[in-house]
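Both counts, for ligands and for their atoms, begin at 1 and track the order of listing.
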Amino acid sequence: MKIFRTIRETTAFSESLRGQGLSIGFVPTMGALHEGHLSLVRRAAAENDAVLVSIFVNPIQFNNPNDLEKYPRDLEKDLELLIPAGCTAVFAPEVSEMYPENEVRKHFDFGALETVMEGAFRPGHFNGVGVVVDKLFNITLPHRAYFGEKDYQQLQIIRMLTRNAHPGLEIVPCDISREDDGLARSSRNERLTPGMRKAAPFIYEMLNKAAGMAKDHTAEEISEEIEQAFANHELLKLEYFSIADGDTLQPVHGPVNVGDRAFIAVFAGDVRLIDNIQLR
Ligand code: PAF
């Protein structure tokens with residue numbers, strides 16, 4: 001497995017793969033890799049001739065400096081995990097390589113997709129994601145890029161970015177990877193205290209409850225039930241629960257339709273967890 005630190009050598013490698021007629025699958029990550037990431041890498045390896053993985057904790061997508069500082073980082077361990085998963089090359093740049101001083105940075109407008117949920121609670125987050133993913137696509141020149149559905153709003157934003165700026169690139173959505181008790185896998189789970197880790201599967205339990213109600217309850221009735229359940233919970237603090245259209249991400253009112261999803265963000269102590277589920 002090759003390890004690149006610079007844009008120049010990564011792009012040269014991708015160009016040489018393309019020159020040989022080989023397909024490139026790309027998995028962008030912020031490191032602290034877990035089974036969820038590795039399942040994306042394995043899928044990319046099964047569907048492409050070569051797999052590139054980026055490991056870069058992107059400072060401009062963190063609206064909370066504490067979250068950026070505490071984000072887990074362990075490059076050596078990540079590299080060890082990537083070899084058996086079928087990764088061909090890793091791009092692990094320094095911040096100065098991705099964001100040189102005096103660079104004129106692009107700005108993205110994702111319209112209504114970014115004004116709700118994560119976009120509303122994390123100002124600037126999706127522009128930061130758009131900037132880095134656009135750069136990473138230009139650097140790694142993939143044929144397919146793999147994204148987990150846990151960050152479903154991010155997936156929709158990246159689909160829009162790709163339609164506008166990277167036509168021809170296929171975005172491959174991948175099912176949410178879960179622990180045995182249902183908790184969605186996330187690098188942030190590492191930071192949960194034992195008590196919070198024990199409590200956290202309640203989030204998926206509530207999403208399942210919402211899915212169970214969807215056929216014969218309105219979005220408002222379901223939201224009230226879930227909000228009440230969190231109001232009674234001793235440890236977990238609900239930031240938002242939203243039922244929204246799976247394409248436009250706009251809130252649903254009244255009956256829940258096929259394709260609608262429930263989205264949730266919860267604080268387990270100072271760790272913020274998100275999850276979602278298709279309701280019907
Ligand atoms: O989902 C993530 O890990 C990040 O948002 C991404 C796509 C790697 C961009 O920094």
Short list, please: which atoms of ligand 1 are under 4.0 Å from a heavy atom of Pro28? 8 (C)
Treating Glu9 as the side-chain partner and Arg5 as the backbone partner, does any N or O pair qualify as donor plus acceptor under 3.5 Å? yes
Any atoms of ligand 1 less than 4.0 Å from a non-hydrogen atom of Val132? List them with their elements. 9 (C), 10 (O)
What do the steps show when you test Asn58 against Tyr71 for side-chain hydrogen bond (donor to acceptor under 3.5 Å, both in side chains), and what is the final call? CA-CA 10 Å; Asn58 176 33; Tyr71 201 84; over 6 Å; no
Check the pair Asp78, Arg73 against salt bridge (Lys or Arg N to Asp or Glu O under 4.0 Å), reporting the backbone distance first and the verdict last. CA-CA 9 Å; Asp78 289 344; Arg73 294 161 169 93; over 6 Å; no
Atom 3 (O) of ligand 1: closest protein heavy atom, distance to 0.1 Å, is Met30 CG, 3.7 Å
Output yes when the distance from some N or O of ligand 1 to some N or O of Thr29 is under 3.5 Å, and no in every other case. no
Given the rule in the side-chain contact (heavy atoms from CB on, under 4.5 Å) test, do Ile264 and Glu239 qualify, once you have shown the distances and angles that lead to the verdict? CA-CA 8 Å; Ile264 195 164; Glu239 187 169 53; over 6 Å; no
With heavy atoms of Gln61 as the reference, note each atom of ligand 1 found under 4.0 Å away. 4 (C), 5 (O), 9 (C), 10 (O)
Cation-aromatic face contact Arg261/Tyr152, 6.0 Å, 45 degrees: yes
Which residue and heavy atom of the protein sit nearest atom 1 (O) of ligand 1, plus the separation: Gln154 NE2, 2.8 Å
